[in-house]
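Since this is a predicted model, take the numbers as computed values, not measurements. Indexing begins at 1, ligand by ligand and atom by atom, following the structure's order.
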Amino acid sequence: MMSGPLPRTGKAIPRLKGGLPFLGHALEFRRDPVGFIQRGRDLHGDIFSFLMFGNRIHVLTGPAGNETFFKAADSVLSAREAYQFTVPIFGKGVAYDVSPELMDQQLRLVHPALRDEKMQSYARLIAAEANACLDRWGDSGTLDLLAAMNEITIYAAGRTLIGAEFRSRLSGEFVRLYHDLEGGINTVALFNPYIPLPAMQRRDRARRRVVELISGLTAERRAGNAESDDFLNTLIRARAPDGAALSEDTITGLLLTLLFAGQHTSAVLATWTGILVLQNPRYLAAIMAEQEAVLDAQGMTLASLKQLVQLEACIKEAERLHPPLIMLMRKVLAAIEFNVHAIPAGDLVMVSPAVSHRISSSFAEPSRYDPDRFMPPREEDRRTPYSLIGFGGGKHRCIGLAFAYQQIKVIWSVLLKHYEFSLVDSAPEPDYTSLVVGPRAPCLVRYQRRRPAEWNPVPLRRSAAG
Ligand code: HEM
């Protein structure tokens with residue numbers, strides 16, 4: 001709720017006009033949040049405020065505002081207070097339910113699962129999941145690209161986070177439960193996650209069942225004492241600073257945190273990467289040539305995946321044009337200054353990757369698809385700190401960035417090797433009804449299996465006629 005009086009110091013923050021009592025600008029915001037924030041920026045510049053459900057929200061959109069947002073101490077701008085809607089999903093005692101210090105400590109225990117030797121083994125496991133599509137899809141057909149990417153990344157997350165036993169038992173039940181958990185992330189939950197709406201009740205029932213499924217496995221694993229190549233193994237071996245092992249609840253909570261932070265976001269970014277590349281055949285050809293040059297010679301290793309710089313630039317350009325998280329939030333715990341404005345305690349602050357990524361002083365011709373902007377010598381994202389923020393920044397920057405990029409590289413390397421794709425609808429639009437913003441469903445693509453000769457052509461000998 002609103003903090004009360006605005007501070008006397010500092011210039012007043014421009015307020016977007018209009019809106020309804022209590023709801024404020026909620027309706028317009030829900031319909032087209034990116035257009036709404038862009039309108040605020042066009043009218044007022046780097047900072048403006050608006051009201052939604054009785055909350056005063058200050059929106060910062062330029063790199064300087066992003067920097068203020070990401071550099072503020074947790075005691076000033078709190079992610080924990082802004083993201084309470086995750087607590088009924090991730091669980092009590094982890095992530096945004098605990099102090100920022102304890103959350104940091106918990107996430108540090110995850111780091112060993114992100115080291116190079118583990119990443120190498122995840123690449124293999126994710127490639128196996130992408131290869132499994134070949135049997136499911138057959139030689140040709142039409143599919144919904146986001147649904148397909150969701151399927152691959154759920155299986156990949158099940159395998160890499162929780163392990164082979166879990167993956168082999170991954171059934172329709174888990175997919176349904178996961179869907180119900182996700183249903184608990186909506187605009188209402190953002191402001192009050194405990195309103196007893198049917199979606200919240202389904203969310204709570206689903207979590208209870210997911211906890212049963214995962215904690216049963218953790219107990220089996222502890223009893224068996226075998227090593228395995230998944231995050232669960234890392235968390236079972238982890239010790240808190242006082243030497244204590246993590247409880248089953250903490251392990252389950254952290255696995256759910258990682259699953260929710262990383263699965264749908266990766267599926268969405270993989271989907272936009274594909275859509276944009278299919279819309280731009282020049283880059284598709286460059287990616288294919290790069291894959292032939294690198295992967296055919298070296299196979300899929302950590303080192304060879306790092307050499308896929310053209311594909312990486314295409315993922316970055318998808319991150320820029322269609323960041324899966326279009327806005328990030330903090331609650332103001334202590335008044336903070338931005339430019340000559342004072343932002344009062346009790347309010348909310350928002351930054352928007354989607355709007356910041358299209359600022360022309362940060363990125364040349366920002367609406368144009370131009371992956372080369374990230375290649376040397378241009379490297380536009382390095383020119384201005386905090387201009388590219390699809391994975392956040394500062395101390396809360398995403399811990400899964402390398403995992404997500406690698407996963408998307410692996411998936412598209414496998415799929416493009418075997419299939420030719422084309423978009424059914426040439427210009428899919430973003431779907432703002434979901435907090436993780438993918439294309440509107442269905443995002444149909446046609447696919448056709450490549451003949452081996454197309455992928456690895458034998459050089460043609462010139463005929464005598466030449
Ligand atoms: C395309 C995929 C992904 C995107 C776009 C993404 C985006 C983000 C963003 C924007 C933040 C910062 C949130 C904020 O400051 O409010 C964040 C934080 C986080 N992400 Fe990701 N993420 C992705 C994948 C992953 C994966 C694969 C994992 C885990 C393996 C992960 C785990 C986390 C965690 C734990 C945090 C919280 C970090 C902290 O507060 O210290 N993410 N992510």
Side-chain angles (χ1 to χ4, degrees), residues 60 66-72 74 77-86 90 94-115 118-119 122 126 146 149-150 153-154 156-162 190 230-232 234-235 253-273 312 315-316 318-331 348-354 356-357 386 388-411 435-438:
L60 305 172
N66 295 341
E67 182 166 359
T68 302
F69 181 94
F70 289 119
K71 279 192 169 167
D74 290 305
L77 294 186
S78 164
R80 174 174 189 254
E81 296 290 328
Y83 295 150
Q84 280 301 298
F85 70 92
T86 62
F90 300 171
V94 292
Y96 299 111
D97 186 52
V98 298
S99 68
E101 296 73 26
L102 183 52
M103 178 173 170
D104 270 5
Q105 200 189 93
Q106 291 176 337
L107 292 182
R108 272 201 298 278
L109 299 179
V110 176
H111 285 168
L114 293 163
R115 291 204 187 116
K118 303 269 183 175
M119 293 288 280
Y122 305 145
I126 295 166
L146 180 54
M149 291 300 157
N150 260 322
T153 53
I154 285 194
R159 176 61 187 86
T160 56
L161 288 174
I162 316 178
L190 216 56
D230 45 56
F231 284 65
L232 173 57
T234 301
L235 294 175
L254 284 172
L255 289 172
L256 282 172
T257 303
L258 300 171
L259 182 65
F260 270 82
Q263 183 274 323
H264 199 176
T265 43
S266 297
V268 161
L269 187 56
T271 304
W272 285 119
T273 302
E312 185 163 318
I315 302 173
K316 235 185 203 185
E319 174 197 339
R320 186 183 73 82
L321 287 170
H322 291 289
L325 300 178
I326 56 170
M327 58 186 177
L328 309 174
M329 308 274 288
R330 299 286 186 266
K331 175 113 184 200
L348 289 164
V349 181
M350 177 188 284
V351 294
S352 170
S356 284
H357 290 175
Y386 299 98
L388 188 74
I389 55 165
F391 287 81
K395 62 177 164 311
H396 291 294
R397 187 155 188 260
C398 180
I399 63 167
L401 186 154
F403 184 99
Y405 263 68
Q406 182 184 284
Q407 166 154 258
I408 298 169
K409 281 183 177 175
V410 170
I411 292 173
L435 276 192
V436 183
V437 178

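The proximity of Phe403 to ligand 1, defined as any non-hydrogen pair under 4.0 Å, is limited to the side chain. No part of Leu114 comes within 4.0 Å of ligand 1, judged by heavy-atom distances. Counting heavy atoms under 4.0 Å from ligand 1, residue Thr265 touches it through both backbone and side chain. When heavy-atom distances to ligand 1 are checked against a 4.0 Å cut-off, Arg330 comes that close only through its side chain, counted from C-beta outward.
Nearest protein heavy-atom contact of atom 16 (O) of ligand 1 is Tyr83 OH, 2.6 Å. Scanning the protein for heavy atoms near atom 4 (C) of ligand 1, the closest one is Phe391 CE2, 3.4 Å. Of the protein's non-hydrogen atoms, the one nearest atom 5 (C) of ligand 1 is Gly390 O, 3.6 Å. The closest protein non-hydrogen atom to atom 30 (C) of ligand 1 is Gly400 CA, 4.1 Å. Here the protein heavy atom with the shortest distance to atom 20 (N) of ligand 1 is Cys398 SG, 3.2 Å.
Less than 6.0 angstrom separates the ring centroid of Phe231 from the ring centroid of Tyr122.
The Gly262 neighbourhood of ligand 1 comprises atoms 24 (C), 25 (C), 26 (C), 27 (C), 28 (C), with distances under 4.0 Å to a heavy atom of that residue. Each of the following atoms of ligand 1 lies closer than 4.0 Å to a heavy atom of Ser266: 1 (C), 2 (C). Near Leu269, meaning under 4.0 Å from one of its heavy atoms, ligand 1 places the atoms 1 (C). For ligand 1, the atoms lying closer than 4.0 Å to a non-hydrogen atom of Lys395 are 41 (O). For ligand 1, the atoms lying closer than 4.0 Å to a non-hydrogen atom of Leu325 are 7 (C), 8 (C), 9 (C), 10 (C). Each of the following atoms of ligand 1 lies closer than 4.0 Å to a heavy atom of Met103: 40 (O).
When atom types are taken as modelled, the side chain of Arg80 and the backbone of Pro100 share no donor-acceptor pair closer than 3.5 angstrom. In this structure, Lys395 contributes its side chain and Ala72 its backbone to a donor-acceptor pair below 3.5 Å. Trp272 places no side-chain N or O within 3.5 Å of a backbone atom of Pro324 that could act as its donor or acceptor partner. Remark: the backbone N or O of Gly253 is paired with a side-chain donor or acceptor of Thr257 at under 3.5 angstrom. Looking at Glu81, its side chain never comes within 3.5 Å of a backbone N or O of Arg330 through a donor-acceptor pair.
Here the options are Glu312, Glu319, Lys316, the test is side-chain hydrogen bond (donor to acceptor under 3.5 Å, both in side chains), and the partner is Tyr405; only Glu319 passes.
Using modelled atom types, one finds a donor on one side chain and an acceptor on the other under 3.5 Å when comparing Asn150 with Gln263. Between the side chains of Asp230 and Thr160, no donor-acceptor pair is found at a separation under 3.5 Å.
Residues Phe70 and Ile389 have side chains in contact (heavy-atom distance under 4.5 Å, counting atoms from C-beta outward).
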